[in-house]
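Remarks on the structure that follows.
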Amino acid sequence: MTGKGAKSAATVERSGWHSSNANTIAAWAVFLFLILPSLVVIPMSFGDSDEFVFPPQGLSTYLYEKYFFDDAWMETTRQSIVVAVLSTLTCLFFGVTAAYGLVRGTFPGKRLVTLFLLTPMFVPVIVIALGLYMYFATLGLSGTTFSIVVGHTLHGTPFVIVLCMAALRHVDPNLEAAARVMGAGRIHTLIKVTLPLLKPALVASALFAFLISFDEVVIAWFLTTIDTQTLPVKMYSSIQWEVSPVLAAVSTLLTFLAFVICVAGVLVQKEDTPETTQ
């Protein structure tokens with residue numbers, strides 16, 4: 001029995017080892033598949049010609065110079081930054097207040113309201129874009145920066161709500177109760193007690209809301225005009241009409257921006273976590 005038991009244990013251990021290796025190989029295969037386009041585009045962005053060439057014949061910053069010194073590209077970049085900043089601020093306002101009400105509040109239909117607020121995460125973006133286009137076209141606001149900001153706010157707010165709700169559940173409500181007992185009102189308690197404890201979640205939410213807005217193309221495609229065009233829409237238009245190699249440089253910069261924001265978001269959340277509820 002002892003020999004059989006040892007043999008069985010060795011078999012199980014070998015099976016677990018093979019399973020672990022298979023999972024590791026599968027994970028690396030998926031990772032390489034996802035980053036393969038970047039491994040092609042990044043070297044191309046350092047080419048020295050006005051054509052897509054891989055591998056590049058020579059290394060230079062020629063395509064980056066064309067991007068930074070082209071008024072059309074810079075104007076769309078500025079527009080994307082403006083839209084992303086405004087969308088981030090509105091996402092934080094609506095997302096934080098909604099998350100606070102959903103976590104701290106008790107009212108009938110709470111789950112239904114939560115599901116309704118998170119609906120934009122599950123509805124196809126093109127459906128949202130079409131609905132917004134028809135709505136703003138009726139009001140005569142289609143093609144304005146305001147309409148794009150509203151669209152991106154609608155798209156990004158659910159992500160802020162999810163992050164802030166998760167953080168709020170780890171904030172001890174007794175701290176807020178103590179502030180109320182000491183005479184602080186609800187707004188004062190929220191600003192002086194709750195929000196400082198949510199600082200990591202707020203920073204992470206702001207970073208991701210900015211990235212979501214800055215990279216979004218479908219809603220912006222429906223709502224922009226030539227005067228309010230964002231950078232992703234400009235890139236999509238370039239693919240259709242001119243296939244400029246500058247796209248490789250812009251894509252590399254966007255990849256780097258997304259990488260920096262994701263790393264910053266993770267570091268901020270790890271650096272300082274809210275006090276755990278006792």
| message | Using every non-hydrogen atom in the two residues, find where Ile219 and Ala129 come nearest and quote the distance to one decimal. | response | CA-CB, 3.8 Å
| Which pairs with one or both residues in residues 204-226 pass salt bridge (charged side-chain N to carboxylate O under 4.0 Å, His left out), sequence neighbours excluded? | none
| query | Who are the ring pair (Phe, Tyr, Trp, His ring centres under 6.0 Å) partners of Phe222, not counting sequence neighbours? | reply | none
| message | With clusters defined by side-chain heavy atoms of hydrophobic residues (ILVMFWY) lying less than 4.5 Å apart, directly or transitively, does Val96 cluster with Val162? | response | yes
| At what distance, to the nearest 0.5 angstrom, does CE of Met121 lie from OG1 of Thr157? | 11.5 Å
| request: Sequence neighbours left out, what pairs pass salt bridge (charged side-chain N to carboxylate O under 4.0 Å, His left out) with at least one residue falling in residues 32-43? | output: none
| request: With rounding to the nearest 0.5 Å, note down the distance linking CZ in Phe210 to CG in Leu86. | output: 10.5 Å
| request: May I ask you to list the residues sharing a hydrophobic cluster with Phe93, side-chain cutoff 4.5 Å, ordered by chain and number? | output: Phe94
| query | Does any N or O in the side chain of Thr144 come within less than 3.5 Å of the main-chain N or O of Ser147, such that one atom is a donor and the other an acceptor? | reply | yes
| Heavy-atom pair with the smallest gap, counting every atom of Val160 and Gly95 | CG1-CA, 3.9 Å
| query | How long is the gap from CG on Leu247 to OG1 on Thr252, to the nearest 0.5 Å? | reply | 10.5 Å
Please list, one pair per line, the donor and acceptor atoms closer than 3.5 Å that link side chains of residues 76-83 to other protein atoms, with sequence neighbours excluded.
unit_1, atom_1, unit_2, atom_2, d
Thr76, OG1, Ala72, O, 3.3
Thr76, OG1, Trp73, O, 2.8
Thr77, OG1, Tyr67, OH, 2.7
Thr77, OG1, Trp73, O, 2.8
Arg78, NH2, Glu75, OE1, 2.9
Gln79, NE2, Thr145, OG1, 3.1
Gln79, NE2, Thr228, O, 3.4
Ser80, OG, Thr76, O, 3.3
Ser80, OG, Leu231, N, 2.6

| message | Rounded to the nearest 0.5 Å, what separates atom CG in Leu211 from atom CG in Leu257? | response | 6.0 Å
| query | Which atom names give the shortest non-hydrogen contact between Met74 and Phe68, and what distance separates them? | reply | CG-O, 3.5 Å
| said: Is it the case that over 12 heavy atoms from other parts of the model lie below 6.0 angstrom from the CD1 atom of Ile126? | reply: no
| ILVMFWY network linking Val217 to Leu254, side-chain heavy atoms under 4.5 angstrom | no
When the side chains of residues 110-119 are checked against the rest of the protein, which donor-acceptor pairs come out under 3.5 Å, sequence neighbours left out?
unit_1, atom_1, unit_2, atom_2, d
Lys110, NZ, Leu102, O, 2.6
Lys110, NZ, Gly105, O, 3.0
Thr114, OG1, Lys110, O, 2.9
Thr119, OG1, Leu115, O, 2.8
Thr119, OG1, Phe116, O, 3.1

| request: Mind listing the closest non-hydrogen atom pair of Ala99 and Ile161 along with its distance? | output: CB-O, 3.9 Å
| field | ILVMFWY cluster, Leu197 and Tyr100 together (side-chain gap under 4.5 Å) | value | yes
| said: Quick check against the 3.5 Å criterion: does Ser213 have a side-chain atom that pairs as donor or acceptor with the backbone of His152? | reply: no
| query | Linking I/L/V/M/F/W/Y whenever their side-chain heavy atoms sit closer than 4.5 Å, directly or via other members, would Val233 and Leu132 fall into one cluster? | reply | yes
| If we only count heavy atoms from C-beta on, is the Ser87 to His155 side-chain gap below 4.5 Å? | no
| task | Please tell me if the side chains of Phe159 and Leu163 come closer than 4.5 Å, counting only heavy atoms from C-beta onward. | result | no
| Within a radius of less than 6.0 Å around CD1 of Ile226, do more than 12 heavy atoms belonging to other residues, nucleotides or ligands occur? | no
| task | Working to the nearest 0.5 Å, report the span between CD1 of Ile148 and CZ of Phe136. | result | 10.0 Å
| task | Give a yes or no on this: more than 12 heavy atoms of other residues, nucleotides or ligands lie within 6.0 Å of atom CZ of Phe122. | result | yes
| field | Main-chain N/O of Val149 paired with Thr153 side-chain donor or acceptor, under 3.5 Å | value | yes
| request: Taking atom OH of Tyr133 as the centre, report whether more than 12 heavy atoms of other residues, nucleotides or ligands fall under 6.0 Å from it. | output: no
| Val125 reachable from Ile212 in the ILVMFWY side-chain graph, under 4.5 Å edges | no
